[in-house]
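This report refers to the structure that appears directly beneath it.
These values consider heavy atoms only, across backbone and side chains, with no hydrogens, waters or symmetry-generated copies.
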Amino acid sequence: MRRTENYVKIEFLSRSSNEGFARVAASGFAAQLDPTLDELGDIRTSVSEAVTNAIVHAYPDQLGRILLKMRVAEGNILELTVRDWGRGIENVEQARQPLYTTGGAERSGMGFTIMESFMDRVHVKSVPGKGTTVVMRKRIATRAKTGR
Amino acid sequence: MEVSTACRERTLTLTLHGELDHHGAKGLMDKVDREIEAALPLQLVMDMKNVSFMDSSGIAVVMRGRQRMRELGGTLALVHVPTQPKKVFDASGISRIVTIE
Ligand SMILES: Nc1ncnc2c1ncn2[C@@H]1O[C@H](COP(=O)(O)OP(=O)(O)OP(=O)(O)O)[C@@H](O)[C@H]1O
Ligand SMILES: [Mg+2]
């Protein structure tokens, strides 16, 4: 594991209003890596997907807790972990397939596909009845600093 | 999220405002359904210029609109799609099956 240079942990309730909050928190934390607008969009979208999954699928008919851990690792790596203690996923490989959904007409089954496309690495660990942990990593390109 | 509606010569334009995530999309599908039922348009235009954020929740809404328009023998177009939503459409393959202007 790469050396940790900074991290924060935020725990919140699985209310849908916290989807926007999680995106703002991720944008704020990622700012220290000086991402481009494009990279920031990828980060906000991926966090939104993982947190929404926890809200919608992990706790379908109750409120539960969600942990968002964000870490900066050596080499300009941003690591985002979204953890829940909800329903869990029976077959992770199947769940990651494009268009696979248990969510009905309101969902499209593209969340994991989007996370995979926007982040460098997406790792999913899940135990049915115990919960799910999604770890996503993205290297933020270093840019020539202007000024200073 | 807020939706403003305009209908002219059987083109129904729905302009979406705000963040199109799971939270913001609540009730949006029903709203799209109702507007289509009322207008019975030949073309549905979703104007995204005021969408400040979109995730996969938006894909389901667009696919629903596309399905309804197909049933009516009409078409769907997305216009003024900002960079972030455009990237989500591209990643999910929607850009290949829906007209994005
Ligand atoms: N945290 C989670 N807890 C339990 N099940 C999950 C979790 N995350 C994902 N899943 C399962 O994996 C499936 C696929 O997830 P994915 O995000 O790709 O699509 P979706 O959420 O169904 O639709 P979309 O993200 O396009 O709105 C879900 O339908 C659900 O069955
Ligand atoms: Mg999802």
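Contacts between A:Thr113 and chain B at a heavy-atom distance below 4.5 Å involve the side chain alone, from C-beta outward. When heavy atoms are compared at a cutoff of 4.5 Å, A:Ser117 approaches chain B solely by way of its side chain, counted from C-beta outward. With a 4.5 Å cut-off on non-hydrogen atoms, A:Thr45 touches chain B through its backbone and its side chain both.
Between A:Glu74 and A:Arg2 there is no salt bridge, since no side-chain nitrogen of the basic residue lies less than 4.0 Å from a carboxylate oxygen of the acidic one.
Annotation: maximal heavy-atom pairing with chain B below 4.5 Å, among A:Asp42, A:Leu40, A:Ile55, occurs at A:Asp42. Most heavy-atom pairs under 4.5 Å with chain B: of the set A:Gly109, A:Gly103, A:Ser48, A:Ala105, this distinction falls to A:Ser48. Note: B:Gln84 leads B:Gln84, B:Met63, B:Arg64, B:Gln67 in heavy-atom pairs under 4.5 Å with chain A. In terms of heavy-atom pairs under 4.5 angstrom with chain B, the leader among A:Arg23, A:Glu116, A:Glu49 is A:Arg23.
Taking CG from A:Asn53 and CD from A:Glu19, the interatomic distance works out to 10.0 Å, rounded to the nearest 0.5 Å. Annotation: the span from B:Arg66 atom CZ to B:Leu78 atom CG amounts to 11.0 Å, rounded to 0.5 Å.
Between the side chains of A:Thr36 and A:Asp38, no donor-acceptor pair is found at a separation under 3.5 Å. Using a 3.5 Å distance cut-off with no hydrogens or angles, the side chains of A:Arg71 and A:Thr4 do pair a donor with an acceptor.
Under a hydrophobic-cluster definition in which Ile, Leu, Val, Met, Phe, Trp and Tyr are linked whenever side-chain heavy atoms come within less than 4.5 Å, directly or via other members, A:Met110 and B:Met46 are assigned to the same cluster. Hydrophobic clustering of Ile, Leu, Val, Met, Phe, Trp and Tyr side chains at less than 4.5 Å, counting indirect connections, keeps A:Met70 apart from A:Val24. If you chain together hydrophobic residues whose side chains sit under 4.5 Å apart, B:Leu42 and B:Ile36 never meet in one group. No single ILVMFWY cluster, assembled from side-chain heavy atoms under 4.5 Å apart, contains both A:Val124 and A:Val56.
Residues from residues 86-101 of chain B that place a non-hydrogen atom less than 4.5 Å from a non-hydrogen atom of chain A comprise B:Lys87, B:Val88, B:Ala91, B:Ser92, given in numerical order. Using non-hydrogen atoms only and a strict 4.5 Å limit, the part of residues 14-35 of chain B facing chain A consists of B:Glu19, B:Asp21, B:His22, B:His23, B:Lys26, B:Met29. The interface of residues 82-99 of chain A with chain B, defined by heavy-atom distances below 4.5 Å, is empty.
Across B:Val51 and B:Pro82, no two heavy atoms sit closer than the pair O-CG, 3.7 Å. Between A:Ala31 and A:Pro35 the shortest heavy-atom distance is O-CD, 3.9 Å.
Dense packing is recorded around CG of A:Leu63, with more than 12 heavy atoms of other residues, nucleotides or ligands lying under 6.0 Å away.
Residue pairs that meet the side-chain hydrogen bond (donor to acceptor under 3.5 Å, both in side chains) test with at least one member in residues 56-67 of chain A, sequence neighbours left out, are A:Glu11-A:Arg65.
Annotation: cation-pi pair A:Arg44/B:Phe53 absent, no NZ/CZ under 6.0 Å from the ring centroid and within 45° of its normal. A:Phe118 does not carry A:Lys138 over the face of its six-membered ring by the limits of under 6.0 Å from the centre and within 45° of the normal.
Side-chain atoms of A:Asn18 come within 3.5 Å of backbone N or O of A:Leu13 as a donor-acceptor pair.
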